[in-house]
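Reviewing the structure listed below.
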Amino acid sequence: MKRIALAVLFTMLTAAVHAAEPATASIVVVVNPHSGVDKLTKDEIIDIFLGRYRKLPSGKMALPIDVAEARPERARFYQLLVKKSPSEMSSYWARLVFSGQTSPPFQVPDANTALELVQSSPNAIAYVDRSAVTAGVKVVFELEP
Amino acid sequence: MRPSLRQGTCAAVISTLAILFSAIPRAQAQDMGADRFTFRGFGSVGATTHDTDGIEYRRNTGQGSGARSGEVDFATDSLLGLQVDARLSSKLDVVVQGVTRQRADDSWRPRFSQAYLRFSPGDSLVLRAGRIGYDIYLLAESRQVGYSYLPVRPSPEFYGQITNDDIDGLDVAWTRRIGRGLVKARVFGGDGSGELAFADRSTSDTIGQVYGGTFDYIFRGWTARVALVQFNYDAGADIPLLAGALRATGFPSAAAVAEDLDHRSYRSDGVQVGVAYDDGPMLAQVMYGAVDSDSIAGPDFDKLYALCGYRLGKWTPFASFASSNDRSEIHDAGLPPIPQLAPLNGAVVQIQQATRSTQHTGSLGLRYDLNPHIDFKFQVDRTHVRDSSLLFDYRPDAGTPFDMTVITAAVDFVF
């Protein structure tokens, strides 16, 4: 039994590969122009999107928005922000959601919907590809690959 | 198993929450069009075996039986949980969670593990009332959710003596930014219960009050926590009878033991300090915990736990070490070794054995993330047991130290 267990463990270890996808474009964090926020630090963005402390420097409550799990910009955002894969983020939220600590960001299907919400809500904060930024939102941080 | 007072309390909590569900007009649910109800779930299917004849391996003292040598056991590390979140307004929501897992009577009766009303009046203050978890351990706020941590199970040495880590009460959490980090303080209090199963297949409920608090400092990937908790639990109906019998012997040593045991409730004070680093592919944590009790009937031990894992793509190999040491030796009532008094000496020893956990384990494992909802884990544990109630010992030389190897494969999922 011990020999079999060691063989399985060794096989799995030797099969381990680096599978992280290289990020290709920068992601920007956007807020409503009337949010009273001109810029955010990386620490503040981490705290808002990881549900640790959802307050903007202006004193307003922050309402973070995630795009759907299958969207590539979501995986890139968290990879650039906290170096976490989609599975690790799912594991992180499982820990907090099932213990009642906090809730994950509000989820929308795609970046266009996220931008619409940011344009209509002074508390909303979202991330999009830099190329997708529209005139109705304000960029407060840029995550470069 | 006698019915628990908490069953009535929980029923009242559930009823209250159900009334709230129906009483709040749908129009009040407002959060950018968020769904009012969210259904979630989690579970694990674990296959566990080991190599030591006569031992039943358990993950906590609330399991009525354990994995046997040479057999593959699917009960020890399997469970299923369902949760409903209902958003009543932007500041008020309700969470109800039920879990089915192996219990002290070996049944899989579902149990409400959480059922609370959460009020968030501001960004930094959260109040919860109802059945809530009183998580005092780092990175394990939800220790039933295998998908949320690296090993196949929470360390039995560190977590195995706590069978139900929830209370019917309330907690208040307060968070504030200080410098570049966050300070989070939480206090909690309420009625708690625990289920214990013994090697003779008998069971026992423990009912009492739990109070405590946690204090965290969080900065990027670092989290430091200090937790204090006090358990006050009923001594049990049999204790006065035992104490009376001990006093009746007339021996000073037996009278001293009776004096120690003869209280309506016992008190245990626990402290836990821990540091965790969870940044990028690296996860590491170190924790120390200690519990002191005011009676020989309660636990009195030190615990240490260290875990380190490193992600390589979808694979995360990890290693851990856990140790639990009872501070005092077991002693009997000091009565002469004559057959008439042997049951009294035996009863005093048995009371102390119920909370023993002197053992340590080194583990190697591997987690593979199939997708963001399912993982596969494989783990090998090497455990040295000196004196522990975490396992059932049916060996001919029961009670003597031994080593065992436990092998587990598990699939965890969330939805």
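Just so it is clear: chains get the letters A, B, ... in the order the sequence lines come, proteins before strands, and each one is counted from 1.
- For A/T102, the part lying under 4.5 angstrom from a heavy atom of chain B is the backbone only.
- To the nearest 0.5 Å, atom CD of residue A/E88 and atom CG of residue B/L283 are 9.0 Å apart.
- Within the 3.5 Å criterion, the main-chain N or O of A/G100 finds a donor-acceptor partner in the side chain of B/R118.
- Annotation: maximal heavy-atom pairing with chain A below 4.5 Å, among B/Q379, B/R180, B/R220, B/K184, occurs at B/R220.
- Proximity to chain B is absent for every atom of A/Q107, based on heavy atoms less than 4.5 angstrom apart.
- With rounding to the nearest 0.5 Å, the separation of CE in A/M61 from NZ in B/K91 is 8.0 Å.
- Proximity of A/K83 to B/D279: side-chain heavy atoms (C-beta onward) are separated by under 4.5 Å at one or more points.
- Minimum heavy-atom separation, B/R87 to A/S103: NH2-OG, 4.4 Å.
- Only the backbone of A/R54 comes within contact range of chain B, judged by heavy atoms closer than 4.5 Å.
- With rounding to the nearest 0.5 Å, the separation of OH in A/Y53 from CD1 in B/I218 is 12.0 Å.
- If you measure heavy-atom distances from A/V97 to chain B, the contacts under 4.5 Å come from both the backbone and the side chain.
- Here the shortest heavy-atom pairing between A/A94 and B/Y147 reads CB-CD2, 4.2 Å.
- Closest of all the heavy-atom pairs between A/K84 and B/G280 is NZ-O, 3.2 Å.
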query = Which is it for A/S85 and B/D369 under the side-chain contact (heavy atoms from CB on, under 4.5 Å) test, yes or no, and what are the steps along the way?
reply = CA-CA 10 Å; A/S85 69; B/D369 286 295; 5.6 Å; no
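- From A/S99, atom OG reaches atom CD of B/Q114 across 6.5 Å, with rounding to the nearest 0.5 Å.
- Within the 4.5 Å cutoff, side-chain heavy atoms of A/F98 are placed close to those of B/Q97.
- Remark: A/R95 CZ to B/F42 CZ distance equals 15.0 Å, nearest 0.5 Å.
- Between A/D47 and B/R177 there is a salt bridge, since a side-chain N of the basic residue sits under 4.0 Å from a carboxylate O of the acidic one.
- The contact between B/N371 and chain A is made entirely by backbone atoms, counting heavy-atom distances below 4.5 Å.
- To the nearest 0.5 angstrom, A/R52 atom CZ is 10.5 Å from B/D216 atom CG.
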Stepwise side-chain contact (heavy atoms from CB on, under 4.5 Å) test for A/S87 and B/Y368:
CA-CA 10 Å; A/S87 291; B/Y368 176 77; over 6 Å; no
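- For B/R40, the parts lying under 4.5 angstrom from a heavy atom of chain A are both the backbone and the side chain.
- Using a 4.5 Å cut-off on side-chain heavy atoms (C-beta onward), A/K55 and B/T175 make no contact.
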